[in-house]
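I have placed the structure first, in the form of structure tokens, so that the comments after it can refer back to it.
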Number of protein chains: 2
Amino acid sequence: MASVFEVLAEPRRREILDLLRDGERPVGDLVRRLHMTQPAVSKHLRVLRAAGLVEVRQDAQRRWYRLRPEPLTEIDTWLEPYRRMWSASLDALERHLDAMEER
Amino acid sequence: MASVFEVLAEPRRREILDLLRDGERPVGDLVRRLHMTQPAVSKHLRVLRAAGLVEVRQDAQRRWYRLRPEPLTEIDTWLEPYRRMWSASLDALERHLDAMEER
DNA sequence: GCAGTACATGCCTCGTCGGTTATATTCCCT
DNA sequence: AGGGAATATAACCGACGAGGCATGTACTGC
């Protein structure tokens, strides 16, 4: 398991990241919200940590996980040339609609 | 195999899409450029087609594959809230550097 | 020190995915 | 019609990943 793309392929891991957008959370909180077993969540967190997408802060027995969005830039930059392509076609659609409007 | 995320998890499939950005290509062309066997390429193309990321045009024995970037918007929209987060931190860095500059 | 809480880790199983080889299909050309 | 080119598909295999259960570990409060 290496690339950010593979890490995000798992829907559960995307859910975890989505939850962490609201701020740090302990593992048990994620377990409850995702309706999955604690070991499963811990495993996903391990993968996310290895990818640099989350970091941990320990507080007694609790481990608070926090989001680190930086590695997602890799996806964003890969997407960049494609984004130009579809925005071009959307622009074309828009011009077309505008032209329809004018008549 | 369903989501665009899973489809993009495969590095070879991303390579195929990258090649198709330059325009449509027949399968044999992809085989040569990717240094992989023809059945392997055909399988990836099948997955990409199922995801709506490519479409085919037949011309005699040749099948020309063409890129369809639209499904990638799903990733782009998922990324959107995160993009705001990291651009915020990048802005902070920039302000910091500007402040350094001024002294 | 002990019981309990919060989490990580190890081991096993099962499904799925990617690759390979062999074969089928379709079309062209002579 | 027959041979060859271009591609798809089938059958098989090996690897890997995700989940489940059991257990280990670390910390707390009494």
Side-chain angles (χ1 to χ4, degrees), chain A residues 1-20 22-68 71 75 78, chain B residues 1-20 22-68 71 75 78:
Chain A
M1 184 86 46
S3 88
V4 194
F5 288 93
E6 294 168 64
V7 172
L8 292 188
E10 248 298 314
R12 309 303 201 117
R13 285 197 282 264
R14 292 198 300 272
E15 290 186 53
I16 291 180
L17 293 181
D18 286 341
L19 284 173
L20 291 181
D22 298 340
E24 33 174 34
R25 294 182 188 275
V27 179
D29 186 86
L30 297 171
V31 169
R32 256 171 275 114
R33 291 177 193 267
L34 296 173
H35 305 293
M36 49 188 311
T37 66
Q38 174 264 313
V41 172
S42 285
K43 278 193 176 183
H44 285 308
L45 287 171
R46 185 182 170 81
V47 174
L48 289 168
R49 195 164 13 118
L53 281 163
V54 301
E55 62 185 8
V56 209
R57 177 175 65 87
Q58 186 155 2
D59 161 49
Q61 311 99 327
R62 290 233 167 72
R63 315 259 176 129
W64 295 80
Y65 280 83
R66 156 190 283 280
L67 178 64
R68 291 204 41 183
I75 298 193
W78 182 84
Chain B
M1 185 84 48
S3 89
V4 194
F5 287 94
E6 293 167 66
V7 173
L8 291 187
E10 247 298 316
R12 308 304 200 114
R13 286 197 282 264
R14 293 198 302 272
E15 290 185 53
I16 291 180
L17 294 182
D18 286 340
L19 284 174
L20 291 181
D22 298 341
E24 34 174 32
R25 294 182 187 273
V27 179
D29 187 86
L30 296 171
V31 170
R32 257 171 273 114
R33 290 177 194 266
L34 296 174
H35 304 292
M36 46 189 312
T37 66
Q38 175 265 314
V41 172
S42 284
K43 274 193 172 184
H44 285 306
L45 287 171
R46 184 182 171 82
V47 174
L48 289 168
R49 196 164 13 121
L53 280 164
V54 299
E55 61 185 9
V56 209
R57 175 175 68 86
Q58 186 156 0
D59 161 48
Q61 310 99 329
R62 290 232 167 74
R63 315 259 176 128
W64 294 80
Y65 279 84
R66 155 191 284 278
L67 178 64
R68 293 205 40 182
I75 298 194
W78 182 85

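Every chain is numbered from 1 and lettered A, B, ... according to where its sequence line falls, protein lines coming before strand lines.
Taking atom CG of A:Leu8 as the reference point, atom C1' of D:dG17 lies 16 Å away to the nearest angstrom. In this structure, B:Glu24 places its CD atom 17 Å from P of D:dA6, rounding to the nearest Å. Straight-line distance from the CG atom of A:Leu45 to the P atom of C:dC7: 10 Å, rounded to whole Å. Between A:Trp64 atom CH2 and D:dA26 atom P there is a gap of 22 Å when expressed in whole angstrom units. Separating the CG atom of B:Asp29 from the C1' atom of D:dT7 is a distance of 14 Å, rounded to the nearest angstrom. B:Glu6 has its CD atom 8 Å from the P atom of C:dC17, to the nearest Å. The interatomic distance linking B:Arg57 (CZ) with D:dA8 (P) rounds to 14 Å, in whole Å. Atom CD of A:Gln58 and atom P of C:dC7 are 10 Å apart (whole Å).
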Pair B:His44-B:Arg12, side chain to side chain donor-acceptor pair (under 3.5 Å): steps then yes or no: CA-CA 8 Å; B:His44 285 306; B:Arg12 308 304 200 114; over 6 Å; no
Side chain to side chain contact (heavy atoms under 4.5 Å, CB included) evaluation trace for B:Leu53 with B:Leu20: CA-CA 10 Å; B:Leu53 280 164; B:Leu20 291 181; over 6 Å; no
Working for side chain to side chain contact (heavy atoms under 4.5 Å, CB included), residues B:Val56 and B:Trp64: CA-CA 6 Å; B:Val56 209; B:Trp64 294 80; over 6 Å; no
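Comparing D:dT7, D:dG19, C:dA8 against the side chain of A:Ser42 picks out C:dA8 as the nearest. For B:Gln61, whose side chain is taken as the heavy atoms from C-beta onward, the closest listed nucleotide among D:dA18, D:dG4, C:dG19 is D:dG4. Nearest to the side chain of A:Ala60, among D:dA8, D:dT28, C:dC27, sits D:dT28. Listed nucleotides: D:dG19, C:dT21, D:dA22. Nearest to the side chain of A:Arg12: D:dG19. When each of C:dA6, C:dG18, C:dG19 is scored by its nearest atom to the side-chain atoms of B:Arg13, the top-ranked nucleotide is C:dG18.
In summary, B:Asp18 and B:Arg14 do not engage in a salt bridge, as defined by a charged side-chain N under 4.0 Å from a carboxylate O. For the pair A:Arg57 and A:Glu24, the salt-bridge criterion is met [side-chain N within less than 4.0 Å of a carboxylate O].
Contact annotation: B:Tyr65 does not reach the phosphate of D:dA6 (side-chain N/O to OP1 or OP2, under 4.0 Å). Using a 4.0 Å cut-off, no side-chain N or O of B:Arg63 falls inside it from OP1 or OP2 of D:dA6. The phosphate of D:dG20 (OP1 or OP2) has a side-chain N or O of A:Thr37 nearer than 4.0 angstrom. A sub-4.0 Å separation between OP1 or OP2 of C:dG19 and a side-chain N or O of B:His44 is present. Side-chain nitrogen and oxygen atoms of A:Arg46 include at least one within less than 4.0 Å of the OP1 or OP2 phosphate oxygen of C:dT9.
The base of D:dA8 sits within donor-acceptor range of the side chain of B:Gln38, with an N or O pair under 3.5 Å. For D:dG20, its base sits under 3.5 Å from the side chain of A:Lys43 at one donor and acceptor pair at least.
By the 6.0 Å and 45° rule, B:Arg25 does not stack over the aromatic ring of B:Tyr65.
Within 4.0 Å (heavy atoms only), A:Arg49 reaches no atom of the nucleic acid at all. Looking at heavy-atom distances under 4.0 Å, A:Pro39 makes contact with a base.
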